[in-house]
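The structure appears right after this line, and notes come after that.
Proteins come first, then strands; the chains are lettered A, B, ... in the order of their sequence lines, and each starts at number 1. Please read all numbers here as calculations on a predicted model, not as lab measurements.
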Amino acid sequence: MSRSMWRDHDWQLIHTAPQAPLLHMALDQALLDEVAAGRRQPTLRLWEWASSAVVIGRFQSLRNEVDAEAARQHDIEVVRRISGGGAMFIEPGNTITYSIYAPLSMVEGMSFQESYALMDSWVLAALGELGIKAWYQPLNDITSAGGKIAGAAQTRSRGALLHHVTMAYDIDATKMLDVLRIGREKLSDKGTASAAKRVDPLRSQTGLPRATVVERMLATFRRLHGLADDTLRDAELARAEALVKEKFGTSQWVADVP
Amino acid sequence: MHGEYKMPGGKLVVIDLAVRDGRLDGVRLSGDFFLEPDAALPAIDAALNGQRADADDAALAAAILGKLPKDTSMYGISPEAIVTAVRRALAPGETA
């Protein structure tokens with residue numbers, strides 16, 4: 001099998017009204033399966049959040065990562081996603097989150113590092129057009145001179161790749177540090193003692209409203225790779241809702257790594 | 001007992017465990033690494049359970065490798081990094 005390019009595929013955009021954190025988790029699995037099965041064209045999904053959440057990685061310890069009492073006090077839901085990587089602190093309007101559901105043929109023979117950089121090459125271009133000089137910081141960060149902008153994670157299924165990214169648009173660092181337990185060991189090779197200082201959000205860097213940043217990013221994707229407007233199908237939504245009930249909403253899944 | 005190791009150029013690898021009768025017990029690996037398939041995580045825990053607490057690093061790494069599902073892929077984690085986290089859990093206060 002030879003490697004396919006962005007333009008070999010007919011990219012679809014899903015950008016819906018705000019949805020609950022658990023539904024976002026389930027949509028990632030449902031849509032990855034749809035693309036893997038060939039029932040859906042490769043897709044870019046732009047997330048809108050209906051409520052606050054901490055999204056922990058597939059292999060993170062619930063107890064070690066999250067202060068459950070602080071999360072409750074701030075009315076923040078804790079959910080677990082299907083990809084590895086670290087915890088994300090989400091408040092509606094404060095992040096730009098997207099998922100790319102791509103055929104595995106696009107990353108054929110590539111190292112993980114190369115596949116992360118490939119999937120976000122359009123984002124670096126978009127940030128450049130917004131006046132931000134950003135680059136990929138292996139393993140899975142997008143960063144600029146001011147600090148980290150975004151974190152990416154991937155997981156693969158039989159025929160498709162999920163690459164999803166959360167970018168910081170704005171951040172309540174005090175609340176984040178209240179809820180997330182960020183240990184010293186984690187920061188040991190990051191060159192700074194303050195977790196809050198590690199993030200440099202897009203709001204301060206661009207001076208633009210979030211919706212404008214999103215619009216510009218989508219325009220860049222459309223120009224570079226092609227992008228047709230699509231919607232979530234009823235069957236896809238139904239499958240995701242079933243997955244919330246059977247899997248993502250169960251304590252068995254959320255506390256799978258206690 | 002709890003040990004953490006930030007693999008240089010990799011991710012955070014965390015081990016929680018107990019020691020019973022000189023052997024590792026209740027081993028739990030966690031962290032912000034990337035690992036596929038999902039079944040590799042319980043396989044690693046199971047590989048470490050029952051190993052002698054005084055086993056050398058090579059023996060523990062070999063035990064992990066022996067139990068990994070076929071086609072396991074690791075990104076930001078390695079058997080050696082897991083063993084280092086085990087060492088730190090066994091000897092808190094020391095830096096492995």
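- Distance check: R58(A) CZ to D32(B) CG gives 14.5 Å after rounding to the nearest 0.5 Å.
- Considering CG of L139(A) and CZ of F34(B), their distance stands at 7.5 Å, rounded to 0.5 Å.
- Ring to ring, F59(A) and F33(B) are close: their centroids are under 6.0 angstrom apart.
- Heavy atoms closer than 4.5 Å to chain B are found nowhere in S111(A), neither backbone nor side chain.
- The nearest pair of heavy atoms linking G31(B) to Q60(A) is O-CG, 3.3 Å.
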Worked check of side chain to side chain contact (heavy atoms under 4.5 Å, CB included) between V14(B) and S61(A): CA-CA 9 Å; V14(B) 182; S61(A) 157; over 6 Å; no
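- In this structure, chain A has a heavy atom under 4.5 Å from the side chain of L41(B), while its backbone stays farther away.
- Using a 4.5 Å heavy-atom threshold, the side chains of S73(B) and R156(A) count as separate.
- Counting heavy-atom neighbours within 6.0 Å of D56(B) CG, excluding the residue itself, gives a total above 12.
- To the nearest 0.5 Å, atoms CD1 (I56(A)) and OG (S30(B)) are separated by 9.5 Å.
- Looking at D38(B), both its backbone and its side chain come within 4.5 Å of chain A, counting heavy atoms on both sides.
- In Q252(A), the CD atom is not crowded: 12 or fewer heavy atoms of neighbouring residues, nucleotides or ligands sit closer than 6.0 Å.
- For CG of D54(B), the number of neighbouring non-hydrogen atoms (other residues, nucleotides, ligands) closer than 6.0 Å is greater than 12.
- Counted within 6.0 Å of CE on M110(A), heavy atoms from surrounding residues, nucleotides or ligands total more than 12; the atom is thus considered enclosed.
- If you measure heavy-atom distances from Q154(A) to chain B, the contacts under 4.5 Å come from the backbone alone.
- One distance of note links CG of N64(A) with CD of E4(B); it measures 6.5 Å at 0.5 Å rounding.
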